[in-house]
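Bear in mind the structure is a predicted one, so any value in this text is a computation, not a measurement.
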Amino acid sequence: MLEKKFDASKLWNQIVHYYIDKKGVTKEDANKIAQNVISKELQRHICQDTRCKHLSSDHIRNHDTCIIVNCPCTKFVKNV
């Protein structure tokens, strides 16, 4: 089972529009908030094996295996 790809630009747009439209913050502040959220989410979607660091969408979840050729990662560690 492959995990969906992490789409940072889609999430960025949703966050910016939410804060501008619903919260009434400036565009610059909304972009700063989006940048913080995206960086945290990106860390959640990266393999925690120090030898790998590929996105979790590049792993087969039920086998805990990286699908990148020649990657030393043997175990996918989920960051909860």
Side-chain angles (χ1 to χ4, degrees):
M1 178 172 79
L2 295 177
E3 189 173 304
K4 290 182 182 179
K5 279 254 187 227
F6 177 65
D7 189 359
S9 62
K10 182 178 178 184
L11 181 58
W12 186 289
N13 287 334
Q14 290 174 341
I15 294 168
V16 169
H17 286 291
Y18 172 78
Y19 277 96
I20 290 173
D21 298 339
K22 303 285 184 188
K23 299 292 184 177
V25 300
T26 65
K27 185 177 179 180
E28 293 78 22
D29 288 340
N31 279 315
K32 287 178 188 176
I33 293 168
Q35 183 176 7
N36 289 336
V37 171
I38 294 297
S39 63
K40 288 178 186 174
E41 279 299 307
L42 193 54
Q43 287 302 312
R44 279 186 358 98
H45 286 84
I46 292 178
C47 179
Q48 299 302 307
D49 187 325
T50 56
R51 300 169 296 161
C52 179
K53 297 297 182 185
H54 291 113
L55 289 175
S56 60
S57 59
D58 292 330
H59 287 78
I60 301 173
R61 297 292 249 169
N62 56 345
H63 294 282
D64 294 332
T65 306
C66 186
I67 61 174
I68 303 298
V69 178
N70 298 329
C71 182
C73 177
T74 56
K75 174 99 174 137
F76 179 78
V77 181
K78 184 175 181 182
N79 187 4
V80 180

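- Rounded to the nearest 0.5 Å, atoms NZ (Lys40) and CD (Gln43) are 11.5 Å apart.
- No side-chain heavy atom of Trp12 sits under 4.5 Å from any side-chain heavy atom of Val37.
- Ser39 OG to Arg44 CZ: the interatomic distance, rounded to the nearest 0.5 Å, is 12.5 Å.
- Annotation: side chain to side chain donor-acceptor pair (under 3.5 Å) contacts involving residues 18-28, sequence neighbours excluded, comprise Thr26-Asp29.
- Taking CD1 from Ile20 and CD1 from Ile33, the interatomic distance works out to 9.5 Å, rounded to the nearest 0.5 Å.
- Contact record, Ile38 with Ala8: CD1-O, 3.6 Å, taken as the closest heavy-atom pair.
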